[in-house]
Amino acid sequence: MRLEKPFYLRDVRDVARDLLGRELCRRLPGGVVLRGRLVEVEAYLGAGDRASHSFRGLTPRNAPMFEEGGIAYVYLVYGMHHCLNVVTSSRGDACAVLLRAAESPNGVSASGPGRLTRAFSVDRSLDRASLLGPDLWLEEGEPIPDSAVRRTARIGVDYAGAWSRRKLRFVVARHPAVSAR
DNA sequence: GGTGCGATTGCA
DNA sequence: GCAATCGCACCA
């Protein structure tokens with residue numbers, strides 16, 4: 001069952017936590033569908049969150065974050081890696097969830113946001129793409145119980161001061177595709 | 001119009 | 001430990 005619009009129109013922290021265990025689905029141009037369960041994600045809040053791209057307001061790059069939840073926000077980092085985000089909440093809130101790691105049914109895992117987008121063939125052409133459309137969507141998968149969810153500080157945002165220490169990273173405890181910490 | 005750097009990764 | 005590599009945020 002596909003996750004529908006209401007799933008995305010909630011607090012970004014709730015969406016992030018609930019995305020664990022869900023199945024990321026990507027239909028390639030040729031028709032093949034790739035699938036993988038999410039095991040590591042990070043919540044980026046809107047105004048106020050110094051680690052978030054939306055912290056300094058609307059720009060050409062982060063514009064999708066300001067849209068209503070239910071679409072993708074894809075950007076290029078370090079000039080070579082794409083990062084895939086799920087936009088959440090209502091229009092103007094500018095929140096999103098960064099997808100950092102997934103595991104495929106066959107056991108093949110993509111650990112790290114750059115490796116995840118490479119594994120699922122996601123690039124800027126999917127920026128603003130609907131998550132209720134034919135190319136990229138999420139399915140119910142197998143929700144993770146609270147006892148198996150661990151919260152930590154987000155990765156790679158040391159520049160954000162106190163915000164870098166907020167526990168906004170959600171991971172499946174002891175999962176091999178997730179680094180310690 | 002010029003400049004500095006990043007929500008990372010892979011290799012020495 | 002560090003280079004790769006470029007879109008874009010920010011300043012002039």
Side-chain angles (χ1 to χ4, degrees), chain A residues 8 10-22 24 26 34 36-89 92-104 108-129 131 136 138 149-172 175-181:
Chain A
Y8 303 101
R10 300 179 294 146
D11 184 283
V12 66
R13 287 158 291 195
D14 294 331
V15 176
R17 183 255 174 272
D18 290 344
L19 276 174
L20 291 178
R22 307 295 189 173
L24 174 65
R26 162 76 169 126
L34 303 177
R37 291 178 68 207
L38 298 174
V39 295
E40 177 184 358
V41 302
E42 286 178 354
Y44 284 87
L45 283 54
D49 180 358
R50 208 171 142 200
S52 177
H53 283 176
S54 59
F55 179 63
R56 296 175 187 285
L58 179 67
T59 69
R61 181 180 67 161
N62 67 23
M65 287 186 74
F66 287 78
E67 296 297 321
E68 184 174 75
I71 64 172
Y73 165 43
V74 183
Y75 66 90
L76 184 66
V77 70
Y78 292 105
M80 60 189 91
H81 304 295
H82 292 280
C83 288
L84 170 60
N85 295 258
V86 168
V87 175
T88 74
S89 194
D93 281 358
C95 304
V97 178
L98 171 67
L99 308 187
R100 294 189 57 94
E103 182 192 55
S104 297
V108 177
S109 57
S111 304
R115 294 197 195 99
L116 183 150
T117 53
R118 188 158 49 99
F120 284 84
S121 192
V122 168
D123 60 26
R124 293 294 299 277
S125 68
L126 287 172
D127 192 29
R128 272 182 186 281
L131 297 177
L136 189 66
L138 285 135
V149 174
R150 205 150 64 86
R151 295 181 58 162
T152 78
R154 292 172 292 185
I155 306 296
V157 294
D158 292 346
Y159 58 82
W163 279 93
S164 71
R165 297 186 287 279
R166 293 280 296 271
K167 299 196 170 184
L168 295 171
R169 172 171 175 256
F170 299 78
V171 306
V172 175
H175 192 283
V178 178
S179 61
R181 177 177 168 183

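Each chain gets a letter, A, B and so on, in the order its sequence line appears, and its residues count up from 1. Any value given below was found using the heavy atoms of this structure, including those in side chains, with hydrogens, waters and symmetry copies removed.
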- Query: Taking the six-membered ring where the residue is Trp, are the ring centres of A/Y75 and A/H53 under 6.0 Å apart?
  - Reply: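 Ring centroids of A/Y75 and A/H53 are less than 6.0 Å from each other.
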- Residue from A/R17, A/R100, A/R150 passing salt bridge (charged side-chain N to carboxylate O under 4.0 Å, His left out) with A/E40: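 Among A/R17, A/R100, A/R150, the one meeting salt bridge (charged side-chain N to carboxylate O under 4.0 Å, His left out) with A/E40 is A/R100.
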Quick one: is [N] close enough that its OP1 or OP2 comes under 4.0 Å of any side-chain N or O from [X]?
X	N	answer
A/Y159	B/dC5	no
A/R50	B/dA7	no
A/R115	B/dG10	yes
A/H81	B/dT9	no
A/R56	C/dC10	yes

Looking only at the side chain of [X] (C-beta and beyond, no hydrogens), which of the listed nucleotides [options] gets closest?
X	options	answer
A/P60	C/dA9, C/dC8, B/dA7	C/dA9
A/Y73	C/dA9, C/dA4, B/dA7	B/dA7
A/S52	B/dG10, B/dA7, B/dT8	B/dA7
A/Y44	C/dC8, C/dC6, B/dA7	B/dA7
A/M65	B/dT8, B/dA7, C/dC8	B/dA7
A/R100	C/dA9, B/dT8, C/dT5	B/dT8

Starting at [atom1] of [X] and ending at [atom2] of [N], how long is that distance when rounded to a whole Å?
X	N	atom1	atom2	result
A/L116	B/dA7	CG	C1'	13 Å
A/R61	B/dC5	CZ	P	15 Å
A/R169	B/dT8	CZ	P	11 Å
A/L84	B/dT8	CG	P	14 Å
A/I155	B/dT9	CD1	P	11 Å
A/H53	C/dC10	NE2	C1'	15 Å
A/D123	C/dG7	CG	P	13 Å
A/F170	B/dA7	CZ	C1'	15 Å

- Item | Consecutive-pair stems (at least three Watson-Crick or G-U pairs, under 3.5 Å) that include DNA chain B |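 Only these stems qualify: B:1-6 with C:6-11, B:8-11 with C:1-4.
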- Query: Out of curiosity, A/L34 CG to A/S104 OG, how far, rounded to the nearest 0.5 Å?
  - Reply: 7.5 Å
- Task: Measure the CD1-OG1 distance between A/I71 and A/T88 for me, rounded to the nearest 0.5 Å.
- Result: 10.5 Å
- Please measure how far the P atom in B/dG2 lies from the corresponding atom in C/dT5, and state the result in whole Å. 23 Å
- Query: If you look at every strand shown and take non-hydrogen atoms under 4.0 Å, does A/R118 touch a base, only sugar-phosphate, or nothing?
  - Reply: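 Sugar-phosphate, backbone atoms only, no base.
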- Residue mapping more 5' on DNA chain C - nearest nucleotide basis, A/R124 or A/Y78: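 Nearest-nucleotide comparison on DNA chain C picks A/Y78.
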- Item | Upstream residue (5' side of DNA chain C) when A/M80 and A/N62 are each assigned their closest nucleotide |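 Whichever sits nearer the 5' end wins; that is A/M80.
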- Query: Under the 6.0 Å and 45° cation-pi test, does A/R154 pair with A/Y44?
  - Reply: yes
- Message: Applying salt bridge (charged side-chain N to carboxylate O under 4.0 Å, His left out) as the test, list every pair that has at least one member in residues 79-89 of chain A; sequence neighbours left out.
- Response: none
- Message: Using only modelled atom types and a 3.5 angstrom limit, is any donor from either the side chain of A/Y75 or the base of B/dA7 paired with an acceptor on the other?
- Response: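 Such a pair is found, so the answer is yes.
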- Is it the case that more than 12 heavy atoms not belonging to A/R56 sit under 6.0 Å from its CZ atom? no
- Are the charged groups of A/D49 and A/R166 less than 4.0 angstrom apart, N to O?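 The answer is no: the pair does not qualify as a salt bridge.
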